[in-house]
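Okay, so here's the structure we're looking at.
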Protein chains: 2
Amino acid sequence: MCLYMYTAQKTALIVYAHQSPASFNAAARDAAVEALTGQGYKVLVSDLYAMNFKASATAEDIKGDLKNAEHFVYNEEMLVAWQDSRLSDDITEEQQKVKQADLVIFQFPLYWFSVPAIMKGWIDRVLIQGFAFSMQRMYDNGMFQEKKAMLSFTTGATESMFQPDGIHGDINVALWPLQNGVLHFCGFQVLTPQIFWCPAFSPPPVRTAMLDAWRERLSGLMVEKPLSFAPTEFFDLSFQGGFRLRPEVKEQFASQPYGITTAQHLGKPLPPNNQMKAKQMDS
Amino acid sequence: MCLYMYTAQKTALIVYAHQSPASFNAAARDAAVEALTGQGYKVLVSDLYAMNFKASATAEDIKGDLKNAEHFVYNEEMLVAWQDSRLSDDITEEQQKVKQADLVIFQFPLYWFSVPAIMKGWIDRVLIQGFAFSMQRMYDNGMFQEKKAMLSFTTGATESMFQPDGIHGDINVALWPLQNGVLHFCGFQVLTPQIFWCPAFSPPPVRTAMLDAWRERLSGLMVEKPLSFAPTEFFDLSFQGGFRLRPEVKEQFASQPYGITTAQHLGKPLPPNNQMKAKQMDS
């Protein structure tokens, strides 16, 4: 019996944002394409600069008439346009890729503690309400809970600068808006970020070692345990309840030494490396 | 004696990102223009969507030859182009506005726990090395330490969702990358953010009251105490020292109940509302 026949081919999408094919980011992307292809994946790459990907959220993202041209509200217009299949082709194409993908890797250089604008544009325009989330479907109830996603990025800073006693502060805090606010919000299982610390100022052997470690990690990526976030069942998801922790959950955590996550900290010390390492305890 | 003669006119810059003139963001911008003009300010507005502001960081941002066309490194190319006055005109014009400004207000709807891509593009392309920071001049040694800056934004979420026990987590964590990583990094004195919680779902009298409170605040904005961050003198700013807290400072904070800032937390509970409220104790 041939197992292959029962196993649908898996798909990975790499959303990639660097201007130069000679960059370390390009090398990291190529390593991922090669490793995942070698594992039998179909690998799609959205090379945002090469595609001249439009970053700004405008009325041009919608074909045909607007719902309210007098007062253009992007998220409302996009929801209706998505329902009616009237999104611009570049957005629809990216959504098709996301739909197919079992894994999405965002590969980029960190710009200002975040993604470059062109990649923020991909997030703003592709991950729209209806397609990527709804008021009923967010976080661990999210649309993409069968999919995995991760950030893979280079920094200009050293690792020590992004410590809780470093000049830039704890990297876990810097990662929260992207990993919780974007990826986990859409339901993705968020894999540990792949951070290439300061490759531009590293000698060639160090750069090579970074890429080797990345290849090594890629070989076991899909069996990694994802980061842990607060389950939505912890919260009273009603306007009366304010979308805040249920009293019994709060009580349960009252005796714990740490908060639940980096931002759901409950006035306690942050759980160490909550956005950097998968929790091993319930494995 | 006429005091006016000795007082140079102050300038405010509003970097504004909403697609619709009928939006609450537009009303918030207009309130700021009116209030600041009334106080004698020269008010400049960069209406990013109306300007069709380019968001993506590309080689087109540079006039003339590149330093290394084979391997385009944006921040290095931009530094050289800035030194040689070869930046594209749209960037130079924005930099001229920032130079003049005593106060910069970023007015936007929160997209994915951050600024819309078009505004991230303004940050990525305008606040470049050389003009906005250098390795010697960052944070409280930054270029813009005589200037003030602030975020003013609308949310789709309620205030309770962004509490330390809310579904989105502590707003202070979400604000850190923008307020510390962008504004304070460039040296700006960062004023308390102006957050308009969920105006789209608020009845007209509530929206009116929000704008009235904003006008009221604007009347005293320039005498407000800014948010507090960790002074750079707390850190050993050398590669050997790792840009980490000096041992004597760490020792000094060992007995404190809270960390220094939201991300320089030292494994302690976060100082409450560090990114939301100015510290009153040394006033």
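Numbers restart at 1 for each chain; the letters A, B, ... are given by sequence-line order, proteins then strands.
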Quick one: what part of [X] sits under 4.5 Å from any heavy atom of chain A, side chain, backbone, both or neither?
X        : answer
B:Ala57  : both
B:Glu159 : neither
B:Tyr111 : both
B:Phe185 : side chain
B:Phe235 : side chain
B:Phe239 : side chain
B:Thr262 : both
B:Ser23  : both
B:Leu127 : both
B:His184 : neither
B:Val73  : neither

For ring pair (Phe, Tyr, Trp, His ring centres under 6.0 Å), just list the numbers for B:Tyr139 and A:His168, CA-CA rounded to whole Å, side-chain angles, deciding distance to a tenth of an Å, and then say yes or no. CA-CA 10 Å; B:Tyr139 291 122; A:His168 296 325; 5.7 Å; yes

Do B:Leu178 and A:Phe113 pass the side chain to side chain contact (heavy atoms under 4.5 Å, CB included) test, and can you show the C-alpha distance, the side-chain angles, and the key distance before you say yes or no? CA-CA 8 Å; B:Leu178 290 169; A:Phe113 287 37; over 6 Å; no

Taking the side chain as every heavy atom from C-beta outward, state whether A:Ser160 and B:Arg244 have any atom pair closer than 4.5 Å.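 They are in contact (side-chain heavy atoms under 4.5 Å apart), so the answer is yes.
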
4.5 Å side-chain heavy-atom contact, B:Pro164 and A:His265: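 Yes - at least one pair of side-chain heavy atoms lies under 4.5 Å apart.
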
With no hydrogens and no angle check, is any side-chain donor or acceptor of [X] less than 3.5 Å from a backbone partner on [Y]?
X        : Y        : result
B:Ser20  : A:His71  : no
A:Lys250 : B:Asp165 : no
B:Gln264 : A:Gly166 : yes
B:Lys120 : A:Val115 : yes

Toward chain B, the part of A:Cys186 with a non-hydrogen atom under 4.5 Å: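 A:Cys186 touches chain B through side-chain heavy atoms alone.
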
Check the angle between the aromatic planes of B:Trp112 and A:Phe133 and answer parallel, tilted or perpendicular using the 30° and 60° thresholds.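 Taking A:Phe133 first and then B:Trp112, their aromatic rings stand perpendicular (interplane angle over 60°).
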
So for atom CD, which belongs to A:Glu248, do other residues, nucleotides or ligands contribute more than 12 heavy atoms lying within a distance under 6.0 Å?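 Yes, the 6.0 Å shell around CD holds more than 12 heavy atoms from other groups.
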
